[in-house]
**Student:** 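There's a structure below that I have some questions on.
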Amino acid sequence: MQGYLKEELQKVLKEKYNLSGVEFKVERPKRKEFGDLATNVAFILSKHLKRNPFEIAQELAEELKKNPSFESVEVAKPAFINVRFSKDYYYGVLKDILTKGFDYFRENLGLGRRVQVEYVSANPTGPLHLGHGRGAVVGDVISNLLEFYGWDVTREYYINDAGNQIRMLGISILYRYLELMLSLVYEGAYSSQSYLFAPPGEATKKDKLYARISELFREIGDEFEQNGYRGEYVKELAQKVYDLYREQILELPKEESINFLSEFGLKEMLEEIKRDLEDFGITFDVWFSEKSLYQTRYVEKTLNYLREKGLLYEKDGAVWFKTTEFGDDKDRVVIKKDGSYTYFASDIAYHYNKYLRGFHKVIDVWGADHHGYVPRVKAAIKAFGVPENWLDVELVQLVKLFRDGKEVKMSKRAGNFVTLRELLDEVGKDVIRFWFITKRSDTPLEFDIDKAKEESSENPVFYVQYAHARISGIFREVLNRKGFDAEVEFEFKPELLSSETELELIKHLATLRDELISIAQSREIHLLPNLAVELVKRFHYYYNHYRVMVDDEELMKARLALLKAIRTALRLIFHFIGISAPERM
RNA sequence: GGGCCCGUAGCUCAGCUGGAUAGAGCAAGGGAUUUCUAAUCCCUGGGUCGCAGGUUCGAAUCCUGCCGGGCCCA
């Protein structure tokens with residue numbers, strides 16, 4: 001609808017003033033006296049043409065009036081042009097939605113180009129917390145939108161499996177495992193004959209166990225105290241290790257046992273993360289391992305490339321990357337004094353890898369605590385000669401959880417944060433997904449469990465889903481009582497929908513198409529819940545004021561057609577948000 | 001100390017590439033049910049858009065300063 005009017009205006013500008021590429025706004029006025037759409041084009045033109053905007057508006061209006069799709073074209077006060085579309089235009093829209101379904105709303109914005117959305121990418125050293133969950137939803141919804149609008153989307157999770165934190169996970173598991181073993185030895189789990197008796201002059205097996213436990217405690221105790229992961233989940237992992245391997249871990253040399261447990265923990269955590277995300281409706285096309293960048297020498301190659309370009313230098317025993325040449329506020333270390341690579345080094349390599357994989361665009365969804373990181377990664381990209389806007393970073397702020405009006409911070413499992421799983425089990429996927437995108441993602445979100453759960457009847461998620469269930473209910477009843485199946489394609493007379501309410505509803509659907517497109521372009525996904533509520537509000541009003549199942553069969557069919565179109569739009573929005581469309585509630 | 005984000009109704013938030021009388025949900029008060037699902041609808045009240053300047057035909061929107069909150073870096 002907006003697109004249509006814009007095109008028509010551009011044609012007029014070209015013919016009448018020989019102007020092209022003029023940027024102006026076409027939008028839905030807040031007050032319906034101002035028509036279906038209004039444009040500020042005359043204001044813009046007055047600057048170009050150096051003429052009175054009101055006169056220009058009048059000239060343009062005269063041209064537009066020739067088009068039968070417009071019922072009226074008026075010029076208002078300063079110089080707005082208010083356009084009203086004809087009924088036939090709207091009836092055409094309704095027919096279009098019924099025949100094309102989702103495709104009515106589609107527009108090929110991506111032109112099949114490849115885009116990568118990287119999101120979550122949480123360290124696999126603990127369960128996902130709420131912040132990760134928000135990032136997960138944001139990334140997923142963006143992906144859904146881009147996919148629908150013609151992009152070839154790759155959803156990717158970057159696994160930080162190379163750094164010291166994985167070793168620390170191993171140490172933490174080992175520490176908890178030692179605690180577990182110690183208590184078992186004390187409690188007598190190792191008190192059978194074979195453990196208690198030994199040939200004369202030799203220590204018993206039990207004593208040996210005890211000595212080994214003490215030895216390992218001494219060796220890793222400090223490290224655990226300083227940097228260990230303390231969440232309950234580490235104890236669970238240790239228990240799992242014990243269930244599988246009993247005391248065998250003690251028989252390994254220290255480093256070997258740490259490596260073994262690191263790998264074990266990594267694998268377990270990743271599986272858990274995968275499960276949590278799947279229950280959240282989120283799956284990835286690619287799980288990209290940081291470690292693989294080292295194994296394939298990608299980091300090395302990338303740094304060599306930079307070195308050849310003269311962008312690396314040594315200072316204080318470390319290797320630095322001249323990111324300041326590309327807009328960063330200071331240079332960054334890529335190889336530390338001790339010869340190890342920084343995270344930044346592998347991040348550069350990762351993004352170089354993304355570029356070489358041929359993505360036309362890359363969107364990184366990051367926690368907002370990484371915002372200081374954006375300039376240096378962008379700098380790296382520029383150093384590769386890649387256009388800066390090739391990468392977009394969506395920053396996602398924290399989620400604060402409230403219960404009984406108080407902030408909930410602690411979780412037994414994670415130690416610090418409430419886990420996504422805990423919230424998922426308590427309030428369910430749909431509610432979380434909906435609420436997590438109701439606010440712009442770069443500002444902190446407050447999530448009130450009581451509102452999300454206990455007052456579910458007043459919850460916008462249910463409000464919106466209820467509309468879908470109601471429509472489905474009507475279709476069921478129409479089939480039951482009248483034997484008419486509205487699910488299959490049927491003929492109808494749109495002109496029977498002649499009331500103001502009905503026409504407004506169709507208009508709204510036409511507008512919705514424009515708004516969804518604009519959301520996909522700007523990625524302002526926080527507007528999606530609003531959009532759903534707006535549409536549903538109109539539907540509920542309609543439901544309460546008009547009966548669909550009426551004796552006049554033609555009228556009934558026309559109204560069913562309208563409901564079907566509404567349901568199509570609703571399902572599409574639900575699909576974007578990733579919530580279910582219930583048949584009954 | 002430097003940087004980023006935020007401040008709009010009692011609460012949670014839209015609106016911010018300048019545009020017509022600043023919106024929604026919740027909460028508060030009143031009303032609608034022989035119905036295709038009342039998890040609904042209708043009505044009412046509620047605002048110095050943090051404060052002060054500036055830019056211009058016009059500012060919640062752009063600029064500057066200040067106040068308050070969050071985060072990152074040193």
Side-chain angles (χ1 to χ4, degrees), chain A residues 23-25 27-35 38-44 46-47 52-54 76-82 131 328-330 332 366-376 393 395-398 400 402 405 434-435 437-448 450-452 455-482 484 486 501 518-519 521-522 524 526-534 536-550 556 559-560 563 582-585:
Chain A
E23 301 252 336
F24 55 87
K25 255 192 196 172
E27 54 189 6
R28 192 160 47 139
K30 286 159 201 156
R31 302 167 60 77
K32 57 182 172 187
E33 299 98 276
F34 299 133
T39 174
N40 67 346
V41 64
F43 294 97
I44 309 292
S46 83
K47 280 172 196 158
N52 182 335
F54 191 78
K77 282 185 255 173
F80 291 101
I81 301 175
N82 299 329
D328 198 5
D329 55 2
K330 62 180 198 184
R332 307 291 171 174
W366 290 354
D369 52 344
H370 291 85
H371 71 77
Y373 219 72
V374 177
R376 73 189 78 161
V393 180
L395 294 174
V396 178
Q397 284 273 15
L398 294 175
K400 286 187 193 174
F402 284 80
F434 193 92
W435 281 71
I437 58 164
T438 48
K439 196 177 169 178
R440 270 178 38 203
S441 51
D442 62 354
T443 59
L445 174 77
E446 295 191 7
F447 188 95
D448 189 324
D450 303 316
K451 263 190 195 149
E455 298 174 34
S456 60
S457 61
E458 305 294 347
N459 194 315
V461 189
F462 294 94
Y463 178 74
V464 161
Q465 289 182 319
Y466 182 49
H468 187 273
R470 263 185 153 175
I471 294 174
S472 301
I474 292 175
F475 284 17
R476 274 196 304 273
E477 283 306 301
V478 168
L479 185 59
N480 279 343
R481 299 191 201 176
K482 306 249 180 188
F484 181 79
T501 308
S518 125
I519 287 173
Q521 280 167 332
S522 61
E524 293 172 300
H526 64 282
L527 299 177
L528 286 171
N530 275 338
L531 235 49
V533 169
E534 281 296 316
V536 160
K537 197 163 57 169
R538 286 158 199 271
F539 162 74
H540 282 311
Y541 176 89
Y542 183 56
Y543 182 94
N544 274 275
H545 292 83
Y546 293 79
R547 272 190 82 78
V548 174
M549 221 187 294
V550 288
M556 180 181 83
R559 289 184 173 169
L560 284 171
L563 292 198
E583 294 296 315
R584 38 166 60 88
M585 286 174 79

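Numbers restart at 1 for each chain; the letters A, B, ... are given by sequence-line order, proteins then strands.
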**Student:** Using the side-chain heavy atoms of N530(A), tell me which of these nucleotides is nearest: C36(B), A14(B), A24(B).
**Tutor:** A14(B)

**Student:** Does a nitrogen or oxygen in the side chain of R440(A) sit under 4.0 Å from OP1 or OP2 of C13(B)?
**Tutor:** no

**Student:** Roughly how far apart, to the nearest Å, are G2(B) and G15(B) at atom P?
**Tutor:** 30 Å

**Student:** Once you apply a heavy-atom cut-off of 4.0 Å, does R584(A) come out as touching a base, just sugar-phosphate, or nothing?
**Tutor:** base

**Student:** Could you work out the separation of G46(B) and A28(B) based on their C1' atoms and round it to a whole Å?
**Tutor:** 9 Å

**Student:** Quick one: ring pair (Phe, Tyr, Trp, His ring centres under 6.0 Å) partners of Y373(A), sequence neighbours excluded?
**Tutor:** none

**Student:** Which nucleotide wins on minimum distance to the side chain of M585(A), given the candidates C36(B), C41(B), A39(B)?
**Tutor:** A39(B)

**Student:** Using a 4.0 Å heavy-atom cut-off, does Y541(A) contact any base of the nucleic acid, only the sugar-phosphate backbone, or nothing at all?
**Tutor:** sugar-phosphate

**Student:** Is any side-chain N or O of Y542(A) closer than 4.0 Å to OP1 or OP2 of C41(B)?
**Tutor:** no

**Student:** Quick check on C41(B): is either OP1 or OP2 less than 4.0 Å from any side-chain nitrogen or oxygen of Y463(A)?
**Tutor:** yes

**Student:** Measure from the side chain of R547(A), starting at C-beta and using heavy atoms only, and say which of U37(B), C36(B), A24(B) lies closest.
**Tutor:** C36(B)

**Student:** Strictly by modelled atom types, are Q397(A) and T443(A) linked by a side-chain donor-acceptor pair under 3.5 Å?
**Tutor:** no

**Student:** Of the nucleotides A38(B), G15(B), G25(B), which has the atom closest to the P460(A) side chain?
**Tutor:** G25(B)

**Student:** Any chance you could list the contact pattern along nucleotides 67-74 of chain B? Use B for base contacts, S for sugar-phosphate-only contacts and - for none, protein heavy atoms under 4.0 Å, 5' to 3'.
**Tutor:** ----BS-S

**Student:** Determine which nucleotide pairs with U17(B), using a 3.5 Å limit on both distances of a Watson-Crick or G-U wobble pair.
**Tutor:** none

**Student:** Considering only atom C1', compute the distance from G10(B) to G29(B) and round it to an integer number of Å.
**Tutor:** 14 Å

**Student:** If you assign E534(A) and G473(A) each to the RNA chain B nucleotide with the nearest heavy atom, which residue ends up on the more 5' nucleotide?
**Tutor:** E534(A)

**Student:** Using a cut-off of 4.0 Å on non-hydrogen atoms, how would the nucleic acid contact of A469(A) be classed: base, sugar-phosphate, or nothing?
**Tutor:** base

**Student:** Can you list the steps and then say if R332(A) with D329(A) is a salt bridge (charged side-chain N to carboxylate O under 4.0 Å, His left out)?
**Tutor:** CA-CA 9 Å; R332(A) 307 291 171 174; D329(A) 55 2; 3.1 Å; yes

**Student:** Tell me if the aromatic rings of Y542(A) and Y546(A) count as close, with their centers under 6.0 Å from one another.
**Tutor:** yes

**Student:** Would you indicate which nucleotide in C36(B), C42(B), A20(B) comes nearest to any side-chain atom of M549(A)?
**Tutor:** C36(B)

**Student:** Taking atom P in both U40(B) and A27(B), what distance in whole Å separates the two?
**Tutor:** 10 Å

**Student:** Should G46(B) form a Watson-Crick or G-U wobble pair with both distances under 3.5 Å, which nucleotide is its partner?
**Tutor:** none

**Student:** With both distances kept under 3.5 Å, what pairs with G65(B), Watson-Crick or G-U wobble?
**Tutor:** C51(B)

**Student:** My understanding is that a pair needs two contacts under 3.5 Å, Watson-Crick or G-U wobble. By that rule, which nucleotide pairs with U33(B)?
**Tutor:** none

**Student:** In the strands shown, is C26(B) matched to any nucleotide by a Watson-Crick or G-U wobble pair with both distances under 3.5 Å, and which?
**Tutor:** G10(B)

**Student:** With rounding to whole Å, what would you report as the distance between A59(B) and C51(B) at their C1' atoms?
**Tutor:** 16 Å

**Student:** Of the non-hydrogen atoms in M549(A) and E477(A), which two are nearest, and what is the gap between them?
**Tutor:** CE-CB, 3.3 Å

**Student:** Just compare A20(B), U37(B), G15(B) and give me whichever is closest to any side-chain atom of E524(A).
**Tutor:** G15(B)

**Student:** Is there a Watson-Crick or G-U wobble partner for C71(B) with both distances under 3.5 Å, and which nucleotide is it?
**Tutor:** G3(B)

**Student:** When you get a sec, tell me which of U37(B), A24(B), C36(B) is the closest nucleotide to the side chain of Y466(A)?
**Tutor:** U37(B)

